[in-house]
Structure formats: C-alpha cells, structure tokens
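Down below is the structure, laid out as structure tokens.
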Protein chains: 2
Amino acid sequence: MKPLPLIEVYNCLCDETRLRIVHLLERSPLCVCHLQDILGLSQVAVSKHLAYLRQRDLVQVERQGQWMVYSLPASRPRELDWQLRCLQDCLSTHPIFRTDLRKLKARLAGCCPPASPQKFSAKGK
Amino acid sequence: MKPLPLIEVYNCLCDETRLRIVHLLERSPLCVCHLQDILGLSQVAVSKHLAYLRQRDLVQVERQGQWMVYSLPASRPRELDWQLRCLQDCLSTHPIFRTDLRKLKARLAGCCPPASPQKFSAKGK
DNA sequence: AGGGAATATACCTCAATGGGTATATAATGC
DNA sequence: GCATTATATACCCATTGAGGTATATTCCCT
C-alpha cells in the first residue's frame, strides 16, 4: 500500500543530496549534467536520486534534445509547498546550499549548451 | 559527521509511526504505555521509535514514578516548528490521525493511572 | 527483600537504500 | 550508419532501519 503523500515527501527530502536537488530545482529547471556538475557527484548517483524523486512525483522531466530537463511540478501539492517554504527559511544560510546556488548562478549565466532554459517557452526542436 | 538538523527532522518524520507519535505529542505529553495503546503497536516498537526521536532531540523525556513521560521539547527549533504547522495542515483530515486524536481524547479523559498529566506542574514526587 | 509493572536494550532477520562499476538506451552530428 | 554525448538501469556491496523475542533495568507496593 502506498504511504501517505506527506511521508513520501519526507522520504524524498531526508537525504542530503535529494534535498540539494529540490532546493536547486526550485530556482530553475536543470538537466542532469548540470546537477551533476553543481552537486559534484557521479552521474549514476544523481540519476538515481532523480529517479527516486520522479517515482514519487516530486519532480517532472521533459526531454530537450539529448538532455533530460528536470523541474518541480507545475502544480505542487500542499505537502511539498510547505517544505519549499521551510527550505527557504532553514537552509538559505547554510554553506552547502549557498554554494549550490552560487554554482547554479554561474551555470545559468554562461549557459553554452542549449540545456535547461529558465523557461520552457523555447520549443527547442 | 552529524547531518543537518533539518535532515534529522525529516528522517524522524518519514516513518508513519513516528509521524503519528509526534502528532500526538503535539497535543499532550504521553507515557509509553498510552502511546502503545493509542497506536496499537508493541511496546518494543514504540520504545524504539521513541529512542530514535529522543536521540535526535525531537522529543524529551521525564520520569514520573514508574512512567516515562514523553513530550515535545519546550523550545522547538525552527525546523521542527515548520513541520508541526505542516502536520496540522496536511494530516488533520486523514483517518489514521483523526482516530489517533480521538483515542487520545478518550485516554486523557478517563485517565485513571497517574500518568501523563497535561501539565507538568504537579511535581509528582 | 520480593513481586510486578513500565520501559529500555541486545540480538536477529529482512527489506530498503545509497554508492559504485558496467552496460544499455536514446538523441546528435558527421 | 557510426561515434559521441547524455541518461538510465542492472547488479553488487555495505549500512540502516523496522519488527520481533528475550532479557535487563528501574520503580512501586507490600
């Protein structure tokens, strides 16, 4: 039997890597390789955490060319919404998460590869 | 190395039993046997979940005679506070948690054993 | 002191999970 | 079609956690 939605959310966020991923995706959709780069983790590790989040509907994916662009779902269930606010409040000063955001900004600035646009408007194809 | 406080909180709440315990303790301090009764779980199971919560400072204990009375800490870290609000919002309509509260009320009403007073004022000793 | 109630802990087992390596799959560019 | 890039998945291994049984501990009462 499927556990409570809130428990699913907690299970997703109780791992540091997944917490960092969600924290990043709240700012911008990102492809796997950008996440990999920002987080400094192996491709497999990132991919598996994304699968975990995906299976529990905490993130959604869209293929853009050869990139898989992950983002938070457009319509966010109440449980997730609470947590996003909580992250803002509790993590914004933490070194790890500050660094992540700094790297994110750098990534998005000099975004040479066509990947992970800030908006999905450009029907990349 | 100790994980982030927020992650500790998530780890505590990502289990249904512990979530129910915290949800109950938010209403009233409780001894182990009352929790055991309300949750309908074995003594060992309850005790171990309480140990888990205790080790991560999500609950505190006070001995009252032969009962160990558990409660949420007086001063609640910000991370926990967010979650308590979230529980209120997301769980209050869920059958399991409604039933728990109903049983809690019953327990506290006909509280024959001297255990788990609503207030700690009565310095039982 | 001795018995009983309440609670914690030591093991044991099983399932889930996180990380890694190797490999499969899918899209791109030539 | 083929090599390359991006991503996912299949295993393998080590750790953790949840539940159970048996037992230790602590306190109360007589």
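Within every chain, numbering begins at 1; the chains are lettered A, B, ... in the order of the sequence lines, protein sequences first and strands thereafter. Heavy atoms only: backbone and side chains are in, while hydrogens, waters and symmetry mates are out.
Residues in residues 90-102 of chain A take part in these side chain to side chain donor-acceptor pair (under 3.5 Å) pairs, two or more places apart or across chains: Arg20(A)-Asp100(A). Every pair passing salt bridge (charged side-chain N to carboxylate O under 4.0 Å, His left out) that includes a residue from residues 33-55 of chain B is listed here, sequence neighbours excluded: Asp37(B)-Arg107(B).
Qualifying side-chain contact (heavy atoms from CB on, under 4.5 Å) partners for Gln66(A), counting only residues two or more places apart in sequence or in other chains: none. With sequence neighbours excluded, no residue satisfies salt bridge (Lys or Arg N to Asp or Glu O under 4.0 Å) with Arg63(B). With sequence neighbours excluded, the residues that form a side-chain contact (heavy atoms from CB on, under 4.5 Å) with Asp15(A) are Thr17(A), Arg18(A), His49(A). Not counting sequence neighbours, the partners of Ser47(B) by the side-chain contact (heavy atoms from CB on, under 4.5 Å) test are Gln43(B). Remark: Arg78(A) engages Trp82(A), Asp89(B), Cys90(B) in a side-chain contact (heavy atoms from CB on, under 4.5 Å) (not counting sequence neighbours).
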Open item on the list: Return a single string for nucleotides 3-8 of chain C, one symbol per nucleotide in 5' to 3' order, where B is base contact, S is sugar-phosphate-only contact and - is none, cutoff 4.0 angstrom on heavy atoms.
Closed with: --BSBB
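Distance, Leu41(A) CG to dT17(C) P: 19 Å, rounded to whole Å. In this structure, Leu39(B) atom CG and dG19(D) atom P are separated by 11 Å, rounded to whole Å. Atom C1' of nucleotide dG19(C) and atom OH of Tyr52(A) are separated by 15 Å, given to the nearest angstrom. Rounded to an integer number of Å, the gap from CD1 of Ile7(B) to C1' of dG17(D) is 17 Å. Between Glu8(A) atom CD and dA16(C) atom P there is a gap of 13 Å when expressed in whole angstrom units. If you measure from atom CG of Leu53(B) to atom C1' of dA18(D), you get 13 Å, rounded to the nearest angstrom. We find that CG of Leu30(A) is positioned 15 Å from C1' of dT7(D), with the value rounded to whole Å.
Phosphate contact (OP1/OP2 of dG17(D), side-chain N/O of His49(B), threshold under 4.0 Å): absent.
Taking 4.5 Å as the limit, every side-chain heavy atom of Leu4(A) sits out of range of all side-chain heavy atoms of Val9(A).
Put simply, CD on Gln88(A) and CD on Glu26(A) are 4.5 Å apart, with the number rounded to the nearest 0.5 Å.
Scanning residues 9-19 of chain B for heavy-atom distances under 4.0 Å to DNA chain C yields an empty list.
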